[in-house]
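I am attaching a structure below and will ask some questions about it afterwards.
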Amino acid sequence: MCGIVGYTGESLEAEEILLDALKRLEYRGYDSAGIALIDEGEGVVEVFKRAGSIEELKQGLPPVKSKTGISHTRWATHGVPNDVNAHPHTDCSGKIALVHNGIIENYKALKERLIAEGHQFSSDTDSEIIAHIVEENYHGNLLDAVMKTVEELKGSWAILVIHAEHPGEIVAARHESPLVLGKKFDKVFAASDPTALLKYTDQFIFMEDGQIAHLKDGTIALYDLKGKEVEPIWQRITWSVEDAEKGGFEHYMLKEIYEQPSTIHQCLQGWDEGALSELNIEGTRSITIVACGTSYHAGLVGKYVIETFAGLPVTVETASEYRYSSPKDFSSLHIFISQSGETADTLAALREAKRRGNETLAITNVMGSTITREAHHTLYLRAGPEIGVAATKTFTSQVVILYLLALYIGKRRGKLLSEEVEGTLREIKHLPRAVEAILSKEEEIRNLAEMIKEATSIFYIGRFVNYPSALEGALKMKEISYIHAEGYPAGELKHGPLALLDSSLPVVAILTDDHTYDKMLSNIGEVSARGSPVIAITEEGDREVVKYTEHVLYYPKVMPILSPVPVAIYTQLLAYWTARLRGCEIDKPRNLAKSVTVE
Ligand code: M6R
């Protein structure tokens with residue numbers, strides 16, 4: 001996830017402060033870094049940026065005496081990680097420098113307009129256009145120029161802007177991307193995260209959406225979109241730097257679970273149909289999804305969803321098995337899902353699929369990763385770096401991308417009408433709110449974790465689109481709590497696993513208000529008749545399930561096929577709290593690596 005820092009103060013130490021503060025955002029992950037400083041003596045903005053680490057950036061950096069500057073770590077979303085795509089970006093005059101977090105949805109249209117007006121661009125980013133629009137709107141007042149600029153933007157942004165003719169000034173704007181301001185004596189700061197600034201101040205203003213801030217000569221003035229000054233709310237933060245890196249959460253996994261309302265939102269905002277324009281959907285008779293672990297489970301959700309929305313048969317294969325399968329005598333669209341884009345088994349399967357003459361589409365979170373260079377087409381999750389070994393936020397983003405892809409394929413194949421696509425999209429857009437509602441129930445989940453923490457084995461059962469939810473719930477539980485856990489299609493219990501059920505083996509049963517509901521209820525009946533404690537995850541309003549168990553976790557009403565998203569939040573939190581109560585090493589479980597680059 002990108003990181004932003006801005007500083008202005010009396011002393012000429014901007015360079016040192018900006019690099020030091022930026023280093024404190026390294027934990028968020030990044031692929032390039034940069035800094036822009038106003039050199040008052042020369043009356044210019046000096047920009048230094050490059051792909052690679054902050055250390056590498058520092059090595060090529062001359063000492064610049066400056067009291068104002070901005071800095072940035074970039075996690076690529078538009079344009080590969082390289083020197084030119086790194087921030088800060090400048091306008092044509094080179095006097096304006098800007099750093100940006102977020103995604104500008106209408107950047108293509110804005111860029112075309114600016115090019116027609118004679119602007120020249122050096123990067124492939126959506127961010128660079130903002131510097132050029134500020135240039136257009138600048139008539140001597142930087143604050144006014146930025147205010148006018150954000151009126152034209154659609155999407156999300158946290159931006160900082162400086163101008164060579166305005167030493168001692170930074171203009172900051174926020175919309176759906178976090179930005180905090182800080183102050184100590186004559187020094188004022190801005191950052192995407194208070195972590196960056198804890199060494200310098202404990203006094204913060206958390207900017208709200210639509211606000212614009214003017215940092216000038218040691219003061220901060222805050223405005224709303226209409227230009228009306230608003231009273232800032234100062235807050236004191238007493239976190240240690242280490243706490244703050246995890247945003248105050250005990251573990252990265254928990255932080256990443258809590259990020260999901262915004263990562264799902266970002267995934268929706270970043271959906272790019274343009275990436276699929278060359279896809280030969282009309283010519284394909286079937287789809288094959290290939291992946292490992294959690295990504296494989298997302299692929300299984302994708303199977304139900306694509307078959308439902310697009311009417312194409314889908315097979316899902318684990319990557320490590322795919323290469324040993326027999327080639328089919330017809331080609332199909334192959335979708336490879338990999339959070340890291342570097343999983344060796346998935347890459348080997350991708351190469352084999354291409355060798356067999358199939359068209360390939362990658363779904364990944366990491367720009368510039370190997371998978372993106374080798375697949376014919378790529379879709380990005382835009383979930384920001386995931387540090388916890390257990391995949392959480394990237395799973396829900398993978399599932400959301402698969403919903404969007406299924407709708408897209410359904411529409412292109414004439415299986416869905418535009419109204420049907422629009423109606424489902426509206427439902428998908430409610431998912432961040434449903435996730436938020438579940439996150440507020442942590443206490444209930446923790447109590448259930450207390451109940452199961454001594455178990456030696458746990459089963460997860462579900463049907464249809466929540467059969468993969470059962471597999472994923474079990475994977476999360478086993479990898480971080482070290483409790484043996486298995487996921488089953490609920491109908492399979494009576495074909496063997498039922499023999500293991502007794503009061504010592506809890507069963508997590510996932511229900512959805514669809515054609516599988518009644519069958520799931522009778523499976524729960526079978527389980528509770530054997531004395532197993534049942535934890536049911538079901539939709540709000542379900543009055544039947546309480547007849548079988550008192551342990552019920554309710555998720556807000558969503559379209560049944562979308563239920564794997566809210567369900568995943570419950571299973572992630574249940575695994576997390578069980579592991580925590582058992583004193584496990586949550587972010588780095590034993591024997592596991594975040595990215596498995598060996599076959
Ligand atoms: O980076 P990938 O999505 O290709 O990784 C695949 C699996 O190794 C991964 O999903 C793994 O199962 C998760 N870390 C489990 O939480």
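We count ligands from 1, going down the list as the structure has it; atoms in each ligand are counted the same way. The analysis underlying the following values was restricted to heavy atoms, covering all of them including side chains, and did not include hydrogens, waters or symmetry mates.
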Using modelled atom types and a 3.5 Å cut-off, is there a donor and acceptor pairing between side-chain atoms of N85 and backbone atoms of S123? no
Taking N or O atoms only and a 3.5 Å limit, does G341 qualify as a polar contact for ligand 1? no
Give the C-alpha distance, both sets of side-chain angles, the deciding distance and a yes or no for ring pair (Phe, Tyr, Trp, His ring centres under 6.0 Å) between F249 and Y258. CA-CA 9 Å; F249 290 98; Y258 272 79; 5.1 Å; yes
For E342, is the nearest heavy atom under 4.0 Å from an atom of ligand 1?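 False for this residue.
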K303 bridged to E307 by N-O distance under 4.0 Å: yes
Verify ring pair (Phe, Tyr, Trp, His ring centres under 6.0 Å) between Y322 and H334, making sure each step is shown before the conclusion. CA-CA 11 Å; Y322 176 86; H334 276 51; 5.4 Å; yes
For atom 13 (C) of ligand 1, what's the nearest protein heavy atom and its distance? T294 OG1, 3.7 Å
So, E386 and K393, do they make that salt bridge, N to O below 4.0 Å?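 K393 and E386: not salt-bridged.
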If you measure from CZ on F459 to CG on L493, what distance do you get to the nearest 0.5 Å?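 Atom-to-atom, F459:CZ and L493:CG are 7.0 Å apart.
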Quick check: A390 and ligand 1, any N/O pair under 3.5 Å apart? no
Decide, yes or no, whether a salt bridge links K23 with E26 under the criterion of side-chain N to carboxylate O below 4.0 Å. yes
Identify, for atom 8 (O) of ligand 1, the protein heavy atom at the shortest distance, and state residue, atom and that distance.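 For atom 8 (O) of ligand 1, the nearest protein heavy atom is V596 CG2, 4.0 Å.
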Any residue meeting side chain to side chain donor-acceptor pair (under 3.5 Å) with S397, in chain and number order, not counting sequence neighbours: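 If we apply the side chain to side chain donor-acceptor pair (under 3.5 Å) test to S397, skipping adjacent residues, there are no hits.
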Ranked by distance from atom 14 (N) of ligand 1, the top protein heavy atom is V389 O, 2.8 Å
Starting from atom 16 (O) of ligand 1, find the nearest protein heavy-atom neighbour and note its residue, name and distance.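 Checked against all protein heavy atoms, atom 16 (O) of ligand 1 sits closest to E479 OE2, 2.4 Å.
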Flag the pair E450 and R446 as a salt bridge only when some basic side-chain nitrogen lies within less than 4.0 angstrom of an acidic carboxylate oxygen.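 Looking at E450 and R446, the cut-off is not met.
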Considering only protein heavy atoms, which is closest to atom 7 (C) of ligand 1, and at what distance to one decimal place? C292 O, 3.7 Å
Give the residue, atom name and distance (to 0.1 Å) of the protein heavy atom nearest atom 3 (O) of ligand 1.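 The closest one turns out to be S295 OG, 2.5 Å.
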Among all the protein's non-hydrogen atoms, which is closest to atom 5 (O) of ligand 1, and how far away is it?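 Here the closest protein heavy atom is T343 OG1, 3.4 Å.
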T346 to ligand 1: N or O pair under 3.5 Å? no
So which heavy atom in the protein is nearest atom 1 (O) of ligand 1, and how far is it from that ligand atom?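 For atom 1 (O) of ligand 1, the nearest protein heavy atom comes out as S340 OG, 2.7 Å.
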Ligand 1 and Q398, any nitrogen or oxygen pair closer than 3.5 angstrom?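 Not met; the criterion fails.
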